[in-house]
A.B. asks: 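Take a look at the following structure, please.
Side chains included, hydrogens not; waters and symmetry mates left out as well; all remaining heavy atoms used.
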Amino acid sequence: MGRAGCRCRGAERLASPSMVRRFRPSLLLLLVVLSYGTYMGHCQVASPQCRIQKCTTDFVSLTSHLTPAVDGFHTEFCKALRAYSACTQKTAKSCRGDLVFHSAVLGISDLMSQRNCSKDGPTSTSHPEIHAEPCNYHSRSQQAHIHSHLHAHTHSHAHNSGHSRPGYLFCGLFGDPHLRTFKDSFQTCKVEGAWPLIDNDYLSVQVTNVPVVPGSSATATNKITIIFKPYEGCTDQRVYQAVTDNLPAAFDDGTVSSGDPIHTSVSAEGAARKVRALWISERSPGRHVELHAGYIGVTVIVRQLGRYLTLAVRIPEEMAQAYDATQDLQLCLNGCPSSERIDQGGHLPLPRSPPALGLQLQQLRRPSYSSQTQPHPSGVNQVFGLEGAKERCKEQLKVPDIYFHSCVFDLLTTGDVNFTVAASCAQKDMESLHPHRDRWRIYPHGSAGSNLQSKYHSVGQLALLLLTAVLIL
């Protein structure tokens, strides 16, 4: 393996950096309008004649589904701005002296100038016609959100709507093996043999784990089976199976996609291609495969590092919760059974490297393993002490969080240096798929990072409040 790392796809961006820079002043101004408008609604009685909050809410409804990558973005955004401007003009007399109103007018004028929007032209209706693509989960959920949002404002007595923006969950498995559940619980488990990670009405993911070192309870994954269940009108059933030294770029039936094209995707190089309801992308032959199920909003990353496999999954919460009582054994959902846990309530005790381990590792250095393991200049397995393991893990994991701690645990347990890169790639896959950046970092119980995490969180909240105050003033 040497010092070679993993290749990870970059986080997707809805807008280019240049566009963000051009929009920043106006977006900050409108952010102040929205924030201050919410504050006004909660803290004092607003004038019943001034309807600026209704104008702003309608503008958000008209633009929440738009992204710069979509055809017709400029036209639709300008139409929404003209509608916003017309709404402010109608309520201008009753909003005289209202800070929120005047901030909104300035923000609209600035954005129309930046986007070269003409003042005369068609305007968006406050009840836009949104056509959902039935085999595109994002499109379906956006339509449900917009319709429920409009319904909530039509019936102002409603306190909330039945549909909110879709929430996503993350689950990951790597190493000896280490499991990160949907609830961000980090566990190290034995779970030898076949175990279900996910089992719901739409998706099943099962892993098979085998012992890593004789005499140790630690195991690692050498087989992953993923079943995409049939979804009427979008795809029939597809099965993907990966085993050590066989990470295919196709489903079991030889196909690489399923379903009709649901939209056109433009790559970073500018090439356009049709994206189907279910498809496979091979990022590195035999080492890194991604599976995309757009019809249910699921992304799965499978890697082989050394002799073993890693897995990362992002799935909408509503899909993950679609199961019955017979499907309650799901490691991603409920974690490992207590009898299968190696960690102690989140604390992962680091094993000592016993003298016998050296003999076991020497036995593992057989020619039959050399073809399966990515090359390393110092050999496949080594005997590590605590400080040596820490130094090795620091080469790829700079933050002493649970991924670093897991790396040290794996090196002390197995001596297999491939687990160092496995931990690093697992962390990068988590950062690529996990929807909540503020939950990325998990520290071992009782560590300095764990004790400081809550303090930094409080400082971060205070900084955010101060920034908001500066913007408003």
Side-chain angles (χ1 to χ4, degrees), residues 1-8 170-181 184-191 209 212-213 216-222 287-288 301 303-312 341-344 346-354 357 361 364 373-432 434 440-450 453:
M1 171 65 74
R3 298 182 184 271
C6 59
R7 297 191 302 171
C8 300
F170 172 82
C171 181
L173 187 77
F174 70 98
D176 276 357
H178 309 287
L179 170 72
R180 183 167 183 153
T181 72
D184 289 312
S185 171
F186 205 98
Q187 305 174 1
T188 299
C189 312
K190 295 179 286 187
V191 289
N209 303 313
V212 179
V213 176
S216 170
S217 59
T219 64
T221 304
N222 71 346
R287 297 299 177 192
H288 179 186
I301 300 177
R303 296 180 186 269
Q304 177 173 337
L305 296 158
R307 297 190 296 272
Y308 305 107
L309 308 177
T310 69
L311 180 81
R341 296 275 295 268
I342 295 177
D343 66 293
Q344 301 168 0
H347 173 67
L348 183 59
L350 294 177
R352 296 180 179 178
S353 181
L357 179 59
L361 296 180
L364 289 177
T373 307
Q374 297 175 25
H376 185 274
S378 301
V380 178
N381 299 102
Q382 304 173 52
V383 179
F384 284 94
L386 178 58
E387 292 306 316
K390 287 182 176 180
E391 287 301 316
R392 192 55 178 267
C393 291
K394 283 180 182 177
E395 294 177 5
Q396 303 215 27
L397 297 157
K398 306 303 181 183
V399 179
D401 62 358
I402 196 66
Y403 289 90
F404 172 84
H405 203 66
S406 299
C407 172
V408 174
F409 175 89
D410 291 350
L411 284 185
L412 293 177
T413 301
T414 70
D416 188 344
V417 296
N418 288 306
F419 283 117
T420 305
V421 184
S424 176
C425 286
Q427 184 182 67
K428 289 180 172 63
D429 289 341
M430 178 275 297
E431 293 174 354
S432 174
H434 198 297
W440 284 4
R441 296 286 176 248
I442 300 176
Y443 293 90
H445 288 185
S447 68
S450 177
Q453 189 175 25

A.B. asks: Would Leu305 and Cys425 count as a side chain to side chain contact (heavy atoms under 4.5 Å, CB included) if you check the C-alpha gap in whole Å, the side-chain angles of each, and the deciding distance to 0.1 Å?
C.D. replies: CA-CA 9 Å; Leu305 296 158; Cys425 286; 3.9 Å; yes

A.B. asks: Under a plain distance cut-off of 3.5 Å, with no hydrogens placed, do Lys428 and Ser424 share a side-chain donor-acceptor pair?
C.D. replies: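 Per modelled atom types, Ser424 and Lys428 side chains form a pair under 3.5 Å.
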
A.B. asks: Taking all non-hydrogen atoms of both residues, which atom of Arg180 and which atom of Tyr403 are closest, and how far apart?
C.D. replies: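 Looking at all heavy atoms of both residues, the shortest contact is NH1-OH, 3.3 Å.
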
A.B. asks: I need the minimum non-hydrogen distance between Phe170 and Ala312, along with the two atoms involved.
C.D. replies: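 Smallest heavy-atom distance, with atoms named: CE1-CB, 3.9 Å.
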
A.B. asks: Can you see which heavy atom on Asp410 is nearest to which on Gly175, and at what distance?
C.D. replies: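 Result for this residue pair: OD2-CA, 3.6 Å.
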
A.B. asks: Please report the interatomic distance CH2(Trp440) to CE(Met430), rounded to the nearest 0.5 Å.
C.D. replies: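 Trp440 CH2 to Met430 CE: 6.5 Å, rounded to 0.5 Å.
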
A.B. asks: Going by heavy atoms in the side chains, are Thr221 and Phe174 under 4.5 Å from each other?
C.D. replies: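 The answer is no; the side chains never approach within 4.5 Å.
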
A.B. asks: To the nearest 0.5 Å, tell me how far Phe186 CZ sits from Ile402 CD1.
C.D. replies: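 Answer rounded to 0.5 Å: 5.5 Å.
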
A.B. asks: Can you check side chain to side chain contact (heavy atoms under 4.5 Å, CB included) on Phe409 and Thr188, steps first, answer last?
C.D. replies: CA-CA 10 Å; Phe409 175 89; Thr188 299; 4.2 Å; yes

A.B. asks: Evaluate the side-chain proximity of Ser217 to Ile342: yes if any heavy-atom separation is below 4.5 Å, no if none is.
C.D. replies: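 Yes. Closest side-chain heavy atoms under 4.5 Å.
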
A.B. asks: How close do Gln427 and Asp401 get, counting heavy atoms only, and between which atoms?
C.D. replies: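 For Gln427 and Asp401, the tightest heavy-atom pair comes out as NE2-OD2, 3.0 Å.
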
A.B. asks: Return the minimal non-hydrogen interatomic distance between Cys407 and Ala423, and the atom names on each side.
C.D. replies: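 So the minimum-distance heavy-atom pair works out to CB-CB, 3.9 Å.
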
A.B. asks: Between Arg392 and Glu387 (salt bridge meaning N to carboxylate O under 4.0 Å), is one present in this structure?
C.D. replies: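 Salt bridge flag = no for Glu387 with Arg392.
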
A.B. asks: Can a donor-acceptor pair be found, under 3.5 Å and without considering hydrogens, that links the side chain of Ser216 to the backbone of Val213?
C.D. replies: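 Between the backbone of Val213 and the side chain of Ser216 there is no qualifying donor-acceptor contact (under 3.5 Å).
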
A.B. asks: Who passes side chain to side chain donor-acceptor pair (under 3.5 Å) against Ser406, sequence neighbours left out?
C.D. replies: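 In terms of side chain to side chain donor-acceptor pair (under 3.5 Å), with neighbours along the sequence ignored, Ser406 is linked to no residue.
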
A.B. asks: Test side chain to side chain contact (heavy atoms under 4.5 Å, CB included) on Asn222 and Arg307 and set out the steps.
C.D. replies: CA-CA 7 Å; Asn222 71 346; Arg307 297 190 296 272; over 6 Å; no

A.B. asks: Ion pair present between Lys394 and Glu391, side-chain N to carboxylate O less than 4.0 angstrom?
C.D. replies: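 Here Lys394 pairs with Glu391 in a salt bridge, since their nearest N and O are under 4.0 Å apart.
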
A.B. asks: Hey, mind stepping through Val212 and Asp176 against side chain to side chain contact (heavy atoms under 4.5 Å, CB included) and telling me if it holds?
C.D. replies: CA-CA 8 Å; Val212 179; Asp176 276 357; 3.9 Å; yes

A.B. asks: Give me the one residue out of Thr414, Thr413, Asn418 that meets side chain to side chain donor-acceptor pair (under 3.5 Å) with Asp416.
C.D. replies: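 Answer to the side chain to side chain donor-acceptor pair (under 3.5 Å) test with Asp416 among Thr414, Thr413, Asn418: Asn418.
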
A.B. asks: Is there a donor-acceptor pair closer than 3.5 Å between any side-chain N or O of Thr219 and the backbone N or O of Lys190?
C.D. replies: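 Such a contact is found between Thr219 side chain and Lys190 backbone.
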
A.B. asks: Over 60° means perpendicular and under 30° means parallel, so tell me whether Tyr308 and Phe419 are parallel, tilted or perpendicular.
C.D. replies: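 Ring orientation, 0 to 90° scale: parallel.
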
A.B. asks: Would Lys390 and Glu395 satisfy salt bridge (Lys or Arg N to Asp or Glu O under 4.0 Å), going step by step from the backbone distance to the final call?
C.D. replies: CA-CA 9 Å; Lys390 287 182 176 180; Glu395 294 177 5; over 6 Å; no

A.B. asks: Rounded to the nearest 0.5 Å, how far does CG of Leu397 lie from OG1 of Thr420?
C.D. replies: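 Here the interatomic distance stands at 8.0 Å.
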
A.B. asks: Which atom pair, heavy atoms only, marks the closest approach of Cys393 to Leu411?
C.D. replies: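 In terms of heavy atoms, the two residues are closest at SG-CD1, 3.8 Å.
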
A.B. asks: Does a side-chain heavy-atom distance below 4.5 Å link His178 with Gln187?
C.D. replies: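 No - every pair of side-chain heavy atoms lies 4.5 Å or more apart.
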
A.B. asks: Distance from Cys189 atom SG to Asp343 atom CG, nearest 0.5 Å?
C.D. replies: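 It is 6.5 Å, given to the nearest 0.5 Å.
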
A.B. asks: Is there a side-chain contact between Cys171 and Leu179 (heavy atoms, below 4.5 Å)?
C.D. replies: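 In short, these two side chains touch, coming nearer than 4.5 Å.
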
A.B. asks: Side-chain donor-acceptor pair under 3.5 Å between His434 and Asp184, yes or no?
C.D. replies: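 On atom types as modelled, these side chains qualify, holding a pair under 3.5 Å.
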
A.B. asks: With heavy-atom distances below 4.5 Å as the criterion, would you say the side chains of Val191 and Pro177 are in contact?
C.D. replies: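 Side chain of Val191 against side chain of Pro177, heavy atoms only: contact under 4.5 Å found.
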
